[in-house]
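Side chains are part of it too, since the values below use all heavy atoms of this structure and drop only hydrogens, waters and symmetry mates. Every value quoted in this text rests on a predicted model; they were computed, and no experiment measured them. Lettering follows sequence order; numbering is per chain, from 1.
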Amino acid sequence: MTGGADSYLEVLNPEQRRAVLHTGKPLLILAGAGSGKTRVITTKIAWLIREQGVDPRSILAVTFTNKAAREMAERARLIDERAGDAMLRTFHSFGAWFLRRNGSLAGLDSGFVIYDDDDMISLLSTIMEDVPKAEIKQTAHSISRAKDYFLSPDDPELAVIDSRKKFRDRYVQYEEKMARIGNVDFGDLIKKPVEILRKEPNVARRFRERFSVIMVDEYQDANVAQFELLKELTGPDTYVCVVGDDDQSIYRFRGAEVKNILEFPNRFSGADIIRLERNYRSTAPILKAASSVVDHNHGRLGKTLSAERGNGKLPVLAFLPDQDEEANFCATLIENSVKAAKAGSGAVNSGAKNTNWSDWAILYRTNAQSLGFETEFLRRGIPYQVVGSLKFYEREEIKDALALLSFLVNPRDEVAFRRIVNKPTRGVGPVTVDRIVEGASDGAAGSGAASSGAVNSDGDLMEAMRRMAPDFAPKARAGLQTFLKVIEAGRAVLEDPAASADNAADNAGDDGKVAANELALDDGAADTRAADGKKSRKRRAAKEQEGLVSGEGLSVCVARLVKDSGIAEYHQLQDELTGNQRLNNLQELVNAASLYKPSREGLLEFLEHIELDRSMADNAASGNKDNNTVTLITFHNTKGLEFRRVIMTGLEHGVFPREDKRDEELEEERRLFYVGATRAMDELYLSSCAMRRMYGKTMPAEPSLFLREIDKSGLRIIGDIPYGFPGGAARQPPAWERDGGGYGNSYGGNSYGGNRKQSNAGRGSDSDAERKAGWRRGDRLFHDDYGYGAVMEVRDSEDGPVVRVLFETGKELRFLSEQQGAKFMKIGQDE
DNA sequence: TAGTTTTAAGTTTTT
DNA sequence: CTTAAAACTA
């Protein structure tokens with residue numbers, strides 16, 4: 001320990017210190033980008049514990065992302081170990097924690113599973129039969145928004161969210177069905193706790209006594225329901241401190257309400273406001289460019305950031321022909337800087353920092369844009385890492401496995417049941433499924449009346465299957481029994497992990513035989529099927545040994561279930577056909593489960609973690625965090641991060657901002673630009689393309705509106721300045737400033753962009769005709785990656801005609817001539 | 001029915 | 001261009 005007891009306060013600037021030492025009234029900290037906001041929160045937590053004698057367990061700090069929560073916990077603990085006992089959670093994880101303990105007050109069992117958007121849609125589609133999927137999606141979205149705004153089905157204001165007449169009824173039905181199933185969606189994690197706190201004064205009092213300090217990070221992203229939750233948790237003696245930046249509010253589309261921060265002083269009367277306006281991250285020119293864009297917004301609280309780091313390089317604006325050149329530009333830029341840094345440090349041999357790959361981040365608006373960069377980086381061998389787009393848990397095979405696990409925990413989970421009861425196909429079709437589901441609720445109605453409305457067997461699909469299976473045709477009956485056995489075996493493992501773990505391997509074989517035998521006994525005609533079943537089971541068992549490997553803890557149970565159910569084999573066969581890696585993904589899920597206890601509680605924890613922290617897969621997949629790689633990331637995902645060098649790509653009208661953005665939404669896009677730009681510490685690059693490929697078609701593009709909002713004296717412009725852009729040649733105003741008129745049609749064609757690109761753009765239509773004409777020996781072609789070559793041979797294969805090409809370089813390669821998006825074009829023929 | 005082929009539709013951003 | 005939904009056939 002160096003310095004006095006207060007040394008950790010000495011590193012703070014006066015405003016930061018004021019914020020840390022503030023007590024009493026509610027506090028709103030308006031913290032600009034890079035102003036040391038996390039340092040203030042973590043220091044404040046430590047200070048409260050250390051100097052104010054606050055019990056760490058009575059501190060609740062809420063963030064919006066798990067990453068932020070983890071980082072905060074880590075940093076607070078560094079200042080004072082006891083901070084580890086404070087409750088640091090995301091809003092949703094806090095809600096789940098609350099409901100596991102108090103959900104019964106809202107008729108919720110503690111074993112609930114959290115539904116994601118996909119599950120919501122599945123649930124809705126059982127209510128909205130024969131309705132187009134788009135409408136179902138829309139309804140799911142509206143229900144989510146309604147919950148964000150704390151609107152129940154009976155609320156008169158519901159029409160503001162969705163004005164369709166049927167919406168209210170569907171919301172009602174959705175809520176009823178969800179209640180019957182006993183699960184919750186994301187919105188419920190916030191809305192239900194508020195309802196319980198309002199209905200149960202005792203619970204509310206308990207929580208207000210428990211938490212004497214509540215802090216909220218990224219407060220600008222709180223929605224109405226979250227505000228209500230904060231209100232309910234706050235008693236007269238609760239110290240409330242929220243931190244946010246209205247200029248960084250970028251989640252309006254999912255219900256974030258900027259008014260929360262704008263009106264905080266009114267809603268929490270007598271609140272103090274402290275502004276943190278010293279930016280320690282970016283150099284002055286970067287900050288200026290970022291600010292000048294967001295300055296175009298109205299209705300801001302407004303603040304002036306000062307660049308504590310002083311002057312630096314001007315941001316570079318690069319006008320490029322198309323997205324291929326954009327990827328090329330980024331790759332070259334990054335490669336050169338890394339090479340230069342290596343050479344420099346080698347010669348000087350100083351302790352100066354090398355430029356690492358990890359200094360660089362490429363930002364884009366939509367995840368789909370990462371593809372071009374990935375291809376180019378792969379080709380050049382530039383190490384990179386894509387953040388957040390993996391969607392690991394949205395993959396079919398993973399959803400299947402999770403549905404299996406969910407059904408294990410909650411036999412009333414109709415959504416999970418429908419997903420997996422007939423996967424792989426067991427002869428249990430939609431008709432059978434519907435009858436079971438109906439039977440489950442009917443049976444409940446009957447027994448419910450008898451046993452005074454108990455929740456017990458209401459909707460229990462396992463019970464319904466057992467009861468009804470004998471009534472079905474042999475095929476369905478056998479299928480149901482197989483499925484029942486799989487789930488029962490899984491449950492057995494959970495209930496008695498020690499015993500079952502030992503003979504798990506045996507059980508898998510036994511179950512298969514039992515099911516097959518029963519099938520044979522029940523129906524002579526099923527003999528062949530029974531034999532088939534046996535055979536496939538044997539084959540599966542053999543494959544599993546080399547396929548899925550179970551480790552420790554819960555992974556034993558997960559592996560077991562995934563194997564027994566046939567999901568593993570099903571996807572393995574798919575892999576063989578399509579070359580996918582689904583079995584590997586399942587293996588990864590199994591591995592992830594090994595961290596949890598092999599019990600019902602462990603499984604619930606595992607499922608909750610997966611629903612609430614989807615980034616877990618990313619971390620697991622990428623291994624260590626301190627990888628020296630370039631970061632590819634969406635603008636949204638960059639919040640809270642910083643990089644020495646940032647390239648903001650796709651700055652074209654229609655891409656960023658998106659074409660349909662107006663007014664409020666356009667302002668949100670501006671804030672998104674601001675968030676992205678303020679991630680950069682030393683260097684900022686902006687790229688805008690004259691052409692962009694979308695849906696496989698190349699279209700002309702205009703520079704982003706935002707680029708005009710930066711004074712050109714504050715930028716270093718490279719490349720051909722488009723017509724009409726300040727500094728470029730004069731021409732008619734851009735399409736979006738002219739009224740009406742089809743943007744794109746009225747545009748003057750390929751009037752800019754290099755010659756090379758024109759030929760490239762033309763290639764699409766030409767090669768279509770060429771492909772129809774087919775290929776023959778002697779055709780000459782040009783390949784994007786390998787240059788000029790000639791066709792030596794054309795052959796047929798399963799996937800279509802294959803051409804063998806000899807290139808000028810002497811390289812010989814084979815291609816599918818009819819492959820979509822082929823990278824080569826015919827340029828002539830040798831006669 | 002299950003598994004295939006054909007056709008149409010569509011890309012924000014995320015807890 | 002990629003994906004999902006509808007339509008079709010064995």
Side-chain angles (χ1 to χ4, degrees), chain A residues 62-69 89-96 114-118 121 125 130-134 136-137 141 144-145 147-148 184-190 218 221-223 225-226 249-256 363-372 387-391 393-394 396 422-433 473 475-476 479 573-574 577 608-616 618 633-639 650 654-661 665 668-669 671-673 675-676 692-698 764 768 819-822:
Chain A
V62 214
T63 63
F64 278 83
T65 67
N66 295 282
K67 202 197 257 167
R89 280 174 182 266
T90 65
F91 258 116
H92 290 91
S93 130
F94 175 80
I114 301 162
Y115 273 2
D116 65 10
D117 293 357
D118 269 354
I121 290 167
S125 57
D130 303 319
V131 175
K133 191 155 186 198
I136 297 179
K137 270 188 183 166
H141 183 255
S144 292
R145 289 299 77 75
K147 291 186 176 182
D148 287 343
V184 297
D185 58 29
F186 274 98
D188 290 333
L189 292 176
I190 311 297
E218 307 281 12
D221 288 329
N223 61 36
Q226 285 161 340
S249 168
I250 54 175
Y251 288 114
R252 204 184 99 97
F253 70 91
R254 69 167 202 221
L363 277 50
Y364 38 78
R365 181 69 231 274
T366 65
N367 278 306
Q369 286 167 257
S370 74
L371 211 83
V387 174
S389 78
L390 264 183
K391 296 188 175 164
Y393 293 110
E394 283 168 35
E396 185 190 344
N422 198 32
K423 197 166 189 176
T425 49
R426 309 183 165 91
V428 184
V431 182
T432 313
V433 172
K475 204 161 76 172
L573 286 171
Q574 298 271 308
L577 293 171
E608 180 173 318
H609 194 162
I610 285 169
E611 285 309 329
L612 296 181
D613 189 0
R614 291 196 280 177
S615 68
M616 192 181 76
D618 302 359
I633 191 168
T634 62
F635 284 100
H636 280 89
N637 263 321
T638 59
K639 188 138 66 122
V655 178
F656 189 28
R658 279 180 65 87
E659 185 125 24
D660 49 341
K661 298 296 181 184
E665 287 187 325
E668 177 141 316
E669 298 274 297
R671 294 191 288 264
L672 192 55
F673 182 99
V675 167
R692 183 162 289 271
R693 225 176 13 250
M694 252 178 157
Y695 305 124
K697 285 215 173 72
T698 304
D768 261 326
Q819 197 176 38
Q820 302 274 316

When Watson-Crick pairs (N1 to N3 and N6-O4 or O6-N4) and G-U wobble pairs (N1-O2 and O6-N3) count only below 3.5 Å on both distances, what is the dot-bracket string of DNA chain B, with | for other-strand pairs?
-> ||||||||||.....
A/Arg252 CZ to B/dT14 P, straight-line distance once rounded to whole Å = 17 Å
Distance in angstrom units between A/Glu394 CD and C/dT3 C1', rounded = 14 Å
To the nearest Å, how far apart are A/Asp148 CG and B/dT15 C1'?
-> 9 Å
Short heteroatom pairs, N/O only, protein and nucleotides 6-10 of chain C, under 3.5 Å:
none

Atom CD of A/Glu396 and atom P of C/dA5: how far apart are they, to the nearest Å?
-> 12 Å
Note: A/Arg365-A/Glu669 ion pair, threshold 4.0 Å (strictly below) = yes
When rounded to whole Å, the CG to P distance for the pair A/Asp117 and B/dT15 reads 11 Å
Nearest heavy-atom contact between A/Ala256 and A/Asp221 is CB-O, 3.5 Å
Between the main-chain N or O of A/Tyr115 and the side-chain N or O of A/Asp185, is there a donor-acceptor pair closer than 3.5 Å?
-> no
Centroid-centroid under 6.0 Å between A/Tyr251 and A/Phe64 rings | no
Apply side-chain contact (heavy atoms from CB on, under 4.5 Å) to the pair A/Leu612 and A/Phe186, showing each step before the final yes or no.
-> CA-CA 9 Å; A/Leu612 296 181; A/Phe186 274 98; 3.9 Å; yes
Side chain A/Glu668, main chain A/Arg252, donor-acceptor under 3.5 Å = yes
Contacts of A/Arg426 that satisfy salt bridge (charged side-chain N to carboxylate O under 4.0 Å, His left out) - sequence neighbours left out | none
Contact class for A/Val431 vs. all strands (heavy atom < 4.0 Å): base, sugar-phosphate, or nothing?
-> sugar-phosphate
To the nearest angstrom, how far is A/Asp188 atom CG from B/dT15 atom P?
-> 18 Å
For nucleotides 11-13 of chain B, print each protein N/O atom paired with a nucleotide N/O atom at under 3.5 Å, atom names and distance only.
unit_1	atom_1	unit_2	atom_2	d
B/dT12	O2	A/Arg365	NH1	2.7
B/dT12	O2	A/Arg365	NH2	2.3
B/dT12	N3	A/Lys661	NZ	3.0
B/dT12	O4	A/Lys661	NZ	2.5
B/dT13	OP1	A/Asn367	N	2.5
B/dT13	O2	A/Arg365	NH2	2.6
B/dT13	O2	A/His636	NE2	3.4

Check whether any side-chain N or O of A/Asp118 sits under 3.5 Å from a backbone N or O of A/Glu394 as a donor-acceptor pair, and report yes or no.
-> no
Euclidean distance, atom NZ of residue A/Lys697 to atom P of B/dA9 [Å, nearest integer] | 14 Å
For A/Ser125, enumerate each residue passing the side-chain contact (heavy atoms from CB on, under 4.5 Å) test, keeping only those at least two apart in sequence or located in another chain.
-> A/Ile136
Residues that A/His141 engages under ring pair (Phe, Tyr, Trp, His ring centres under 6.0 Å), provided they are two or more places apart | none
C1' atom, C/dA5 versus B/dT12: distance in rounded Å?
-> 22 Å
Check every strand shown and say whether A/Asp116 touches a base, only sugar-phosphate, or nothing at a heavy-atom separation below 4.0 Å.
-> nothing
Just by modelled atom types, is the A/Glu608 backbone N or O under 3.5 Å from a matching donor or acceptor in the A/Glu611 side chain?
-> no
Using atom CG of A/Asn422 as one end and atom C1' of B/dT1 as the other, report the distance to the nearest whole Å.
-> 10 Å
